[in-house]
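Taking it in order: structure first as structure tokens, then the write-up.
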Protein chains: 2
Amino acid sequence: MCIRCVSKSTAVRLLSSWGAGSAPCALARAIGGAEAQAPRAAGVRLYSSMPQPAEQHGANVNEREGKVAHPTLLNADLLKAQYAVRGELYNKALELQKQGRELIFTNVGNPQQLGQQPIHFNRQVLSLMAAPFLLDNPAVASLFPKDAIERARKLHKTFGSVGAYTDSRGNPGVRQEVADFIQQRDGYPANPEHIFLTDGASVAVRLLLNALIRDSNDHILVPIPQYPLYSASIQLYGGTLLPYNLKEQTGWSMDFNEITRTVHEARNRGACVRGLVFINPGNPTGQCLTEDNLRDLVKFAHNEKVVLMADEVYQPNVYQDEKPFVSAKKVLGDLGAPYSDSVELASFHTVSKGVLGECGLRGGYVELTNFHPGTIDELYKAVSINLSPNTMGQAVSINLSPNTMGQVAMSLMVNPPQPGSESYQQWKKEHDEGLASLRRRAHAMTDGFNALDGVTCTFTEGAMYSFPRLHLPPKAIAAAKAAGKTPDTFYCLQLLEATGIVTVPGSGFGQEEGTFHLRTTILPPEEKIGEFVKLFQDFHKGFMAKYA
Amino acid sequence: MCIRCVSKSTAVRLLSSWGAGSAPCALARAIGGAEAQAPRAAGVRLYSSMPQPAEQHGANVNEREGKVAHPTLLNADLLKAQYAVRGELYNKALELQKQGRELIFTNVGNPQQLGQQPIHFNRQVLSLMAAPFLLDNPAVASLFPKDAIERARKLHKTFGSVGAYTDSRGNPGVRQEVADFIQQRDGYPANPEHIFLTDGASVAVRLLLNALIRDSNDHILVPIPQYPLYSASIQLYGGTLLPYNLKEQTGWSMDFNEITRTVHEARNRGACVRGLVFINPGNPTGQCLTEDNLRDLVKFAHNEKVVLMADEVYQPNVYQDEKPFVSAKKVLGDLGAPYSDSVELASFHTVSKGVLGECGLRGGYVELTNFHPGTIDELYKAVSINLSPNTMGQAVSINLSPNTMGQVAMSLMVNPPQPGSESYQQWKKEHDEGLASLRRRAHAMTDGFNALDGVTCTFTEGAMYSFPRLHLPPKAIAAAKAAGKTPDTFYCLQLLEATGIVTVPGSGFGQEEGTFHLRTTILPPEEKIGEFVKLFQDFHKGFMAKYA
């Protein structure tokens, strides 16, 4: 929640329920003075000399308790999160794990950790890129198919060695492949010079946010519920998050009248609203946006003059046919003038999701559409730190480049085996079966939740998560309060203790006041989903009976 | 150079020689008002509406020329470098390349780009980690040695799949291997919980600087000449660089009296001096520090209460026997109390250098010694962004983890084949020959430079660079000024035009006023070094004759 956007009474209420010791400074300032009496909330880490807020950032104090790098003497933007409660769910899980409990980690979208198999062809090529001397060995054909060998030869020409730095924006050949992929997907040209490869989409997101945010008056619109990379990054770069609420009752839809009012009200009080983030398919909410919705987003960005940030990392993960994925770029092109050549659009994609699930390799990209060429230059500078301002204005390349294996994975994602090639059949089988399995699990999860009294759950139309709503009885809510926890955390902790299932409470993503959710992934293997659903259902019935 | 540390007259002189349009804002402010008359220096990119300094950061202006993300409306810390001259050398090189000229890139420490071969064993294991299904294929033994297969099996158990995210600090098994390596190297224990794996050492350096720097009054001591990652990062994070000069005449030594005076003077005017960076072996200067020098550094850090940042990424690259590499950690341990348990030391290492040269894989680490546990927590938080302050104080893991292949490469670097194992002989051969070749090239380069009139060059005792000093005749300096360039840039551009050799002018690293250097790597293949030296010598003689 953007602190400056809540009413004072709401802020007071939030503060008292969180515990002021855990509240960000801005909240305390917003309620004018409550800061001075900072009670210690449960779970807040206390240092032996916890400074009072007035000297909170310790500016100009060089050491404390004999330490220069004392935790209270660090960068304020990092510290702002210092007093919040840390990872109760995650810490509890680690505790239980140490005790030998077997856990089911559905808290993180990390497919291969839960047994999803990588795409064979991709790994064959990566393997040959790691050890290109194998290509000279006649025995290589006994272990690798011809087309994998050929692709590796080709990529090896493009990269030279994967041990060498590439251009800071990524290998030009791979960027061309990404551009070709985009053009094929959308029907509109893509310029490889406007594409940056990064160590995962998150790096690209932070690059954009860091560039866009100048000071705390710069606001970025973020959907609530959201993937907290956005809130955390906006915080880190000193900006302000301006929330817009997705409407659960209508499939997590956007209300553009409400969003427009939010922007105008913010601007009326002097805020500078610079960007709007949307996640399609959604995380944690799992909705796929209609083309109408996307058109509304583009028009909104044009009319209200904000940069559109399209987080499309889950674009391959679509589990229904009514709303296939359509990129913001395509919608922008289809709308034509004046939108198509004016709306500044940053589109993000990754190798971490889809059926690849290669989170560990760290491969992502951002495509910049309608950005000022000078800004693209500035971003290039930012990824390469080409200039050292302390020198005589000379440019010195500092060697920062996205990792090469992630770039290779990206090449393989956007340029997969084609019909007719040796590996195509297996590739297609793995790809199609992977998606079909995810679709089945999306249904199994949703149905499992909806079968319960006191739980409603929108269908996971896309992405990798289920975000059921928990309609908790008043007794449960009271018990949670008594325990000093938010009701959804209270529920999730008990779920964890009882079943070993590790989830993330909805408050981690933001949710409408008075509603409670949790996020789980749909990633447990199919043979385990039934067990998962049963464990959950048994727990839930017991919980509801206990607090009836 | 730290702008605030130069005298006003020096600042005025610097400003007029750079061109005010290229000077960072702080410099202009330091000379009080010259900012308003900002002449356009050659090469400064001009936007059609270049704002006057007063509105320079465009705070609260949301769009310009129809663009929200207009280059003049971006994050001020990014923009501070905006008006400096961009990469003349690099741009000229790209231009010549487009014209079909063949170039010799000795501007970047990118060994495998110039033909250095990776260590076979490492790539065999990386290959098997990319495609672990090969381990089940009986034919695998025809392509891979037994110990590589075994190591891959072991690592595969540790990692699961390289496609999965790891802990944000890196895989615990690899961190234990790093700890074992450190303990073996130094004789003192290392704690894997105090070791963070990162996508290259640069990421770790920036993590530390970002945490340490709170505002522009926080100063970090940086050696001049330096690797400009430091100046650029300090700038980016809003801090101030406090230079300390290395003395070329005495092998780039440190003068601790002078450094102490620098610190006291800074503190007397209210500066907060928080850290000291040193690079051993040095970049660009190539000196290896004596144990005495290291002891002085540790004592200095203790007495003056600064965090010691030891950039030791070139520790395997040592080309003489008088001053072998000794780690700051070992010296700290040897000194005993009160130093060994009080000095806050951050030590950095990488897979990019040494004989591995795996820059593209992005693998590095930082070891934190004597850091407050709360600070280590904060750094853990920073690498995982565990907290979203906009939520109800819940911790939500955002998935940021260093790339897995880089972590595998790190494991292989710190835990190489041992005597007795199948690959040991070849590993040792590649390792020893790699180092011997670099040693020969270090000599060839140094001798080549010293053979010339008007060039003196300290021996490359370590790292990967040669940093010859150019004793330019007055006519050359005047010609440079007339051309609007610094003398070393002027020289390097002509060198490039005449020979295709791409170097970096010394001003890119900082150098004592009135001295001129250039940095080249020692990385051209041995069979080409003779040609390189000859080309350079012929050019230099011609240049000196021209401007006699």
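Both backbone and side-chain heavy atoms feed into the values below; hydrogens, waters and symmetry mates do not. Chain letters run A, B, ... following the sequence lines, proteins first, then strands; residues in each count from 1. Bear in mind that the values here come from a model prediction, so they are computed numbers and not experimental data.
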About how many Å separate [atom2] of [Y] and [atom1] of [X], when rounded to the nearest 0.5 Å?
X	Y	atom1	atom2	result
B:Ile213	A:Leu74	CD1	CG	11.5 Å
B:Asp218	A:Asn62	CG	CG	7.5 Å
A:His372	B:Arg64	NE2	CZ	10.5 Å
A:Asp215	B:Asn75	CG	CG	9.5 Å

Is chain A contacted by the side chain of [X], its backbone, both, or neither, given a heavy-atom distance below 4.5 Å?
X	value
B:Leu143	both
B:Phe144	side chain
B:Asn122	neither

Shorter than 4.5 Å, heavy atoms on both sides: which option in [options] has the most such pairs with chain B?
options	answer
A:His120, A:Arg267, A:Gln407	A:His120
A:Pro118, A:Gly66, A:Gly115	A:Gly66
A:Ser142, A:Gly160, A:Ala69, A:Ala139	A:Ala69
A:Thr166, A:Leu134, A:Leu114	A:Leu134

How close do [X] and [Y] get, counting heavy atoms only, and between which atoms?
X	Y	answer
A:Ala131	B:Ser127	CB-CB, 3.7 Å
B:Gly109	A:Tyr165	O-CE1, 3.6 Å
A:Ala164	B:Asn110	CA-OD1, 3.2 Å

Considering only heavy atoms from C-beta outward, does the side chain of [X] approach that of [Y] to under 4.5 Å?
X	Y	result
B:Arg123	A:Pro132	yes
A:Lys67	B:Asn370	yes
B:Asp377	A:Pro71	no

Testing B:Gln112, B:Gln117, B:Gln116 for side chain to side chain donor-acceptor pair (under 3.5 Å) with A:Ser161, which one passes?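 Result for side chain to side chain donor-acceptor pair (under 3.5 Å) with A:Ser161: B:Gln112.
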Non-hydrogen atoms of chain B under 4.5 Å away: do they reach the side chain of [X], the backbone, both or neither?
X	answer
A:Tyr237	neither
A:Val273	backbone
A:Leu126	both
A:Val306	backbone

Between the side chain of [X] and the main-chain N/O of [Y], is any donor-acceptor distance below 3.5 Å?
X	Y	value
B:Arg274	A:Val68	yes
A:Asn403	B:Asn403	no
B:Thr404	A:Gly360	yes

Identify which of B:Gly163, B:Ser352, B:Ala409 forms the greatest number of heavy-atom pairs closer than 4.5 Å to chain A.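 The candidate making the most pairs under 4.5 Å is B:Gly163.
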Name the option with the most non-hydrogen atom pairs under 4.5 Å to chain A; the candidates are B:Gln113, B:Met129, B:Glu344, B:Glu358.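 Maximum pair count with chain A is reached by B:Glu344.
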